[in-house]
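So the structure is just underneath, and the comments pick up after that.
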Amino acid sequence: MEQNWQSLLAEEKSKTYFQHILSTVEDQRRQGYVIFPKKEDTFNAFKYCPLEGLKVVILGQDPYHNLNQAHGLAFSVQKGIAIPPSLINIYKELQQDLGLPIPPHGCLTSWARQGVFLLNTVLTVQAHKAHSHTGIGWEKFTDTVIEKISQQKSHIVFMLWGAHAQKKVSLIDQNKHLILKAPHPSPLSAHRGFLGCKHFSQANAFLKNNGLSEINWSLEEATVA
């Protein structure tokens, strides 16, 4: 975890409930359960997006639960892995909103390096068992992360897609930050208002209006401002 994150979350990580999360996941690994993402990738959202440069928060739910998909960033998969349906719809909206070409891969690390915090509210999952680590304590930790971002930062764009993410609105100071809500980009709901929501252009307009550099959403040669 990047140093500023370490400082911000040191107290939280020392609490009993957080130690229980880690021991629960480790016990399951020892028992032979396959857990995604890999242990070393669990906190990649914090690793790739330094707290100091954070500009946009995109919330996911729990990690992808099929082989080779999850790598610690919400909605993202490594290059060479088939692009999941929800991410395809995110790309369709980017194309509609900003006229960007559909990327040939699903790796969102270049967004993270520019300040897009791709946070799942649950950070681990058993292979092929969606939501299997819901309720072991991750939600308490990530709620605290969202609250601390809201308290410590200014002019952050929170993209809340779907009912699960939108429940977090009470953790965010709406006087300091921009909250953008839409249905989830899943094929089951994207047509209900995610497609056409124009969140990416709205985010960049907000950042620009507050003297911050815009996000290069193209995933081609995104550069850190």
Side-chain angles (χ1 to χ4, degrees), residues 44-46 48-51 53-64 72-77 83-98 100 103 106-123 139 142-143 145-210 212-219 222 225:
N44 272 354
F46 301 86
Y48 285 108
C49 180
L51 178 63
L54 192 154
K55 299 174 184 175
V56 177
V57 176
I58 297 178
L59 289 181
Q61 195 159 355
D62 66 344
Y64 296 124
L73 300 177
F75 294 104
S76 180
V77 293
I83 303 172
S86 291
L87 186 53
I88 288 173
N89 283 330
I90 291 170
Y91 287 171
K92 286 179 179 177
E93 175 55 26
L94 272 169
Q95 187 177 52
Q96 277 189 34
D97 188 11
L98 298 175
L100 297 176
C107 186
L108 305 181
T109 54
S110 67
W111 289 3
R113 289 191 174 104
Q114 293 178 83
V116 181
F117 189 47
L118 297 159
L119 180 67
N120 281 317
T121 56
V122 174
L123 298 188
E139 296 93 337
T142 54
D143 280 0
V145 171
I146 295 164
E147 282 185 312
K148 286 185 178 293
I149 291 170
S150 177
Q151 293 163 4
Q152 301 286 332
K153 305 284 289 182
S154 297
H155 310 310
I156 302 298
V157 181
F158 288 85
M159 296 185 182
L160 306 182
W161 298 337
H164 177 80
Q166 288 167 23
K167 288 176 183 175
K168 308 300 181 183
V169 73
S170 63
L171 306 172
I172 303 164
D173 184 344
Q174 298 181 57
N175 295 315
K176 293 169 61 181
H177 309 292
L178 176 64
I179 297 175
L180 299 174
K181 298 179 185 178
H184 195 275
S186 158
L188 298 175
S189 55
H191 63 283
R192 297 181 193 147
F194 176 79
L195 296 173
C197 69
K198 299 189 179 299
H199 280 186
F200 301 102
S201 59
Q202 289 184 66
N204 275 355
F206 178 81
L207 294 172
K208 185 176 181 179
N209 288 342
N210 285 284
L212 299 167
S213 57
E214 298 171 295
I215 303 297
N216 177 357
W217 297 104
S218 72
L219 290 172

Under the salt bridge (charged side-chain N to carboxylate O under 4.0 Å, His left out) test, which residues partner Asp143, sequence neighbours left out? Lys168
Nearest heavy-atom pair of Ser86 and Ser186: which atoms, and what distance? OG-CA, 3.3 Å
Keeping Lys55 on the side-chain end and Ala203 on the backbone end, is there a donor-acceptor pair under 3.5 Å? no
Test your reading of the model: is there a side-chain donor-acceptor pair from Lys176 to the backbone of Lys153, 3.5 Å cut-off? yes
Looking at OG of Ser150 and CD1 of Ile172, how far apart are the two atoms once the value is rounded to the nearest 0.5 Å? 6.5 Å
Take Ile149 and Val57 through the test side chain to side chain contact (heavy atoms under 4.5 Å, CB included) and record every step on the way to the result. CA-CA 9 Å; Ile149 291 170; Val57 176; 4.3 Å; yes
Measure the CG-CG distance between Asn44 and Leu119 for me, rounded to the nearest 0.5 Å. 12.5 Å
Could you tell me whether the side chain of Cys49 reaches within less than 4.5 Å of the side chain of Leu118, counting heavy atoms only? no
What are the two closest non-hydrogen atoms of Ala74 and Gly60, and how far apart are they? CB-N, 3.9 Å
Glu139 backbone acceptor or donor facing Thr121 side chain under 3.5 Å: no
Nearest heavy-atom pair of Leu195 and Lys92: which atoms, and what distance? CD2-CB, 4.0 Å
Supply the atom-to-atom distance Phe200 CZ to Leu180 CG, rounded to the nearest 0.5 angstrom. 10.0 Å
Closest contact, heavy atoms only, Gly106 versus Ile83: N-CG1, 3.9 Å
Flag the pair Phe117 / Ile156 as yes when at least one side-chain heavy-atom distance between them is below 4.5 Å, and no otherwise. no
Any donor-acceptor pair under 3.5 Å linking the side chain of Gln174 with the backbone of Ile179? no
Sub-3.5 Å donor-acceptor pair from the side chain of Asn89 to the main-chain atoms of Pro185, do we have one? yes
Spacing of Glu147 atom CD and Thr142 atom OG1 [to the nearest 0.5 Å]: 10.5 Å
Qualifying ring-ring contact (aromatic ring centres under 6.0 Å, His included) pairs, either residue in residues 170-189, two or more places apart: Phe75-His184, Phe158-His177
Is the side chain of Gln166 donor-acceptor paired with the backbone N or O of Leu160 at a distance under 3.5 Å, no angle test? yes
Interatomic distance, Leu219 atom CG to Trp111 atom CH2 [nearest 0.5 angstrom]: 5.5 Å
Is there a side-chain contact between Leu108 and Leu87 in this structure, where contact means two heavy atoms from C-beta onward sitting under 4.5 Å apart? yes
Side chain proximity check, Ile58 to Ile90, heavy atoms < 4.5 angstrom: no
Sequence neighbours excluded, every pair satisfying side chain to side chain donor-acceptor pair (under 3.5 Å) that has a member inside residues 193-203: Asp97-Ser201, Trp161-His199
Mind checking the CG-NZ spacing from Leu171 to Lys148? Nearest 0.5 Å is all I need. 12.5 Å
Sub-3.5 Å donor-acceptor pair from the side chain of Asp62 to the main-chain atoms of Asn120, do we have one? no
Looking at Cys107 and Tyr91, what are the two nearest heavy atoms and their distance? N-OH, 4.3 Å
Donor-acceptor check, side chain of Asn216 to backbone of Ser218, threshold 3.5 angstrom: yes or no? yes
